[in-house]
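Naming: A, B, ... by sequence-line order, numbering from 1 per chain. Just so it is clear, the values below take in all heavy atoms, side chains as well, and ignore hydrogens, waters and symmetry mates.
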There are 2 protein chains.
Amino acid sequence: MARTAGSHSDITGPRVRQAALRLFARQGYAAVSMRQIASEVGVQAGALYNYTPDKQSLLFDLMQAHMRDVLGAVPDPKGRSAMDQLEDFVRFHIAFHFGRPDEVFIAYMELRNLTPENFEVIEKQRKLYESHLEQILDNGVSAGAFAVQDPKIATFAVIAMLTGINTWFREGGRLSLEAVQDQYWHMVRTAVGA
Amino acid sequence: MARTAGSHSDITGPRVRQAALRLFARQGYAAVSMRQIASEVGVQAGALYNYTPDKQSLLFDLMQAHMRDVLGAVPDPKGRSAMDQLEDFVRFHIAFHFGRPDEVFIAYMELRNLTPENFEVIEKQRKLYESHLEQILDNGVSAGAFAVQDPKIATFAVIAMLTGINTWFREGGRLSLEAVQDQYWHMVRTAVGA
DNA sequence: GTCTATATTCTGATAGAC
DNA sequence: GTCTATCAGAATATAGAC
């Protein structure tokens, strides 16, 4: 099958998403123009519309893909002690988010730029992720492994603490990923009274 | 002294800042137009330029005023034990930020929309605030009151945890401000090994 | 699939009447 | 101090040639 001259559908599509990801993370969705994305990809603005119906879908697709990835990678707690489940979750969250700084940044900075319908979808996925941790804490409290007044609040506190790492941690800094995981795991463990 | 017809300089100025604050917090700086701000205030777009040289100054002034307020209100640690200093800081941070959700949201969401020069100024103030907590932890470790591996990391962790409260806490919810302060203080205290 | 060209609307900011 | 009118440019998105 001969290919049309100038045709690069299999390679341009991912590049559009990649450029949008990068630019949205650095400048913010509202501050990035379709022309800027096109320029980064190396095509004209009109060509972008072969890959996305509009700018909003570009943002939504990026966020949804990220949430799908997170939810698909969260560790299975089956057969693990409450303490081990919590440690698994903490180390996973840090490592996973560390490898995707742009996605993480967009996922919680650009929520307000989603249409109400798109927001509903993403928000549901975000709550599903939080419920993983809340379930671990709930079970651990029932089993007497943790001393937490309110598991919902502890869930918010732990996730905020862990996600905050992305604001300051850079690879090649004075600390390795493992050292960061160790220190945060220690703080989380003591904070929940384990 | 007679006043010019239609003159409201003493009342319109604050209203412009208030409208900008509200709109920037809800939609983001880049997504808000000067016409939108003017509409909220009840004037035409051109009139805004009697109160701000441009849109960027509007954002910068809001952020700088907020940082000035925070830095001016942070509790004086003099004569307090390490433990009391930490408790003071935690309770202050929660209460202060709870009363200014819009300012807080802007202060950490709109950093990237500042010009490089303005960013420098705000970033310096932000670091000054963080150093208050770091100093408390440093001193506490030296005095043997806290068990913290790395005070810099613990500082980031605590501030991220506390600031995260603004994403979920709403007045009139199931928890009082005092109950939230109590629970977070308990988590911080145990996390730093006090 | 990509290009150029364009429709339409909106943007930040300014000038000058009142 | 506020208004109306306007400038100059940028925005999203589409149409049609190739």
Side-chain angles (χ1 to χ4, degrees), chain A residues 1-21 23-24 26-63 110 112-118, chain B residues 1-24 26-63 106 110 112-118:
Chain A
M1 187 81 104
R3 176 163 292 165
T4 308
S7 166
H8 304 286
S9 74
D10 50 346
I11 193 171
T12 305
R15 296 226 307 144
V16 169
R17 295 165 55 88
Q18 197 179 22
L21 178 74
L23 289 169
F24 288 168
R26 274 160 192 67
Q27 305 177 223
Y29 172 78
V32 173
S33 72
M34 295 297 272
R35 279 172 181 79
Q36 236 182 312
I37 298 171
S39 167
E40 180 111 336
V41 174
V43 297
Q44 293 297 315
L48 294 180
Y49 292 87
N50 290 314
Y51 304 98
T52 181
D54 49 35
K55 193 185 172 190
Q56 168 71 204
S57 300
L58 212 41
L59 175 63
F60 177 62
D61 290 347
L62 288 172
M63 291 183 68
E110 302 296 354
R112 62 185 166 183
N113 284 312
L114 292 170
T115 62
E117 307 79 42
N118 288 344
Chain B
M1 184 83 105
R3 177 163 291 165
T4 307
S7 168
H8 303 286
S9 73
D10 50 346
I11 193 170
T12 305
R15 296 225 310 143
V16 169
R17 295 164 56 88
Q18 197 178 24
L21 178 74
R22 183 188 149 87
L23 288 169
F24 289 167
R26 274 160 192 66
Q27 304 176 226
Y29 172 78
V32 173
S33 71
M34 294 298 272
R35 280 171 179 79
Q36 235 181 312
I37 297 170
S39 168
E40 181 109 336
V41 174
V43 297
Q44 293 299 314
L48 294 181
Y49 292 87
N50 290 314
Y51 304 99
T52 181
D54 49 36
K55 192 184 172 189
Q56 168 71 204
S57 300
L58 212 39
L59 174 63
F60 177 62
D61 289 347
L62 289 172
M63 292 183 68
I106 290 174
E110 302 296 354
R112 61 185 167 185
N113 284 311
L114 291 170
T115 62
E117 307 79 41
N118 288 343

(request) Only counting residues at least two apart or in another chain, list the ones meeting side-chain contact (heavy atoms from CB on, under 4.5 Å) with B/Gln18. (result) none
(request) May I have the distance from A/Arg15 (atom CZ) to C/dT2 (atom P), rounded to whole angstrom? (result) 10 Å
(request) Mind calculating the distance between CD (B/Gln36) and P (C/dT11) to the nearest angstrom? (result) 7 Å
(request) For D/dT4, take OP1 and OP2 only and decide whether either is under 4.0 Å from a side-chain N or O of B/Gln44. (result) yes
(message) With rounding to the nearest 0.5 angstrom, report the CG to CZ distance, A/Leu58 to A/Phe24.
(response) 5.0 Å
(request) Decide yes or no for A/Asn50 and A/Val16: does some side-chain heavy atom of the first lie under 4.5 Å from some side-chain heavy atom of the second? (result) no
(message) Can you measure B/Asn50 atom CG to D/dC3 atom P for me and round it to whole angstrom units?
(response) 10 Å
(request) Could you tell me which residues satisfy side-chain contact (heavy atoms from CB on, under 4.5 Å) with B/Gln27, sequence neighbours excluded, listed by chain and number? (result) B/Leu23, B/Ala31, B/Val32, B/Gln36
(message) With a 4.0 Å limit, can you tell me whether B/Tyr51 has a side-chain N or O closer than that to the phosphate oxygens OP1/OP2 of D/dT2?
(response) yes
(message) Quick check for you: to the nearest 0.5 Å, what is the distance between A/Phe60 atom CZ and A/Glu117 atom CD?
(response) 10.0 Å
Restricting to nitrogen or oxygen on both sides, can you table the protein-nucleotides 12-14 of chain C pairs closer than 3.5 Å?
{"residue": "C/dG12", "atom": "OP1", "partner": "B/Val32", "partner atom": "O", "Å": "3.4"}
{"residue": "C/dG12", "atom": "OP1", "partner": "B/Lys55", "partner atom": "NZ", "Å": "3.1"}
{"residue": "C/dG12", "atom": "OP2", "partner": "B/Met34", "partner atom": "N", "Å": "2.8"}
{"residue": "C/dG12", "atom": "N7", "partner": "B/Arg35", "partner atom": "NH1", "Å": "3.0"}
{"residue": "C/dG12", "atom": "O6", "partner": "B/Arg35", "partner atom": "NH2", "Å": "3.2"}
{"residue": "C/dA13", "atom": "OP2", "partner": "B/Tyr49", "partner atom": "OH", "Å": "3.1"}
{"residue": "C/dA13", "atom": "OP2", "partner": "B/Lys55", "partner atom": "N", "Å": "3.1"}
{"residue": "C/dA13", "atom": "N6", "partner": "B/Arg35", "partner atom": "NH2", "Å": "3.4"}

Identify the pairs formed between an N or O of the protein and an N or O of nucleotides 16-18 of chain C at a distance under 3.5 Å, and give each distance.
none

(message) Below the 4.0 Å mark, does D/dT2 have OP1 or OP2 next to a side-chain nitrogen or oxygen of B/Thr12?
(response) yes
(request) Identify, with sequence neighbours excluded, every residue that meets side chain to side chain donor-acceptor pair (under 3.5 Å) alongside B/Arg35. (result) none
(message) I'd like to know if the side chain of A/Tyr29 reaches the main chain of A/Gln56, judged simply by a donor and an acceptor atom lying under 3.5 Å from each other, with no hydrogens or angles considered.
(response) yes
(message) Among residues at least two apart in sequence or on other chains, which ones pass side chain to side chain donor-acceptor pair (under 3.5 Å) with A/Asp61?
(response) none
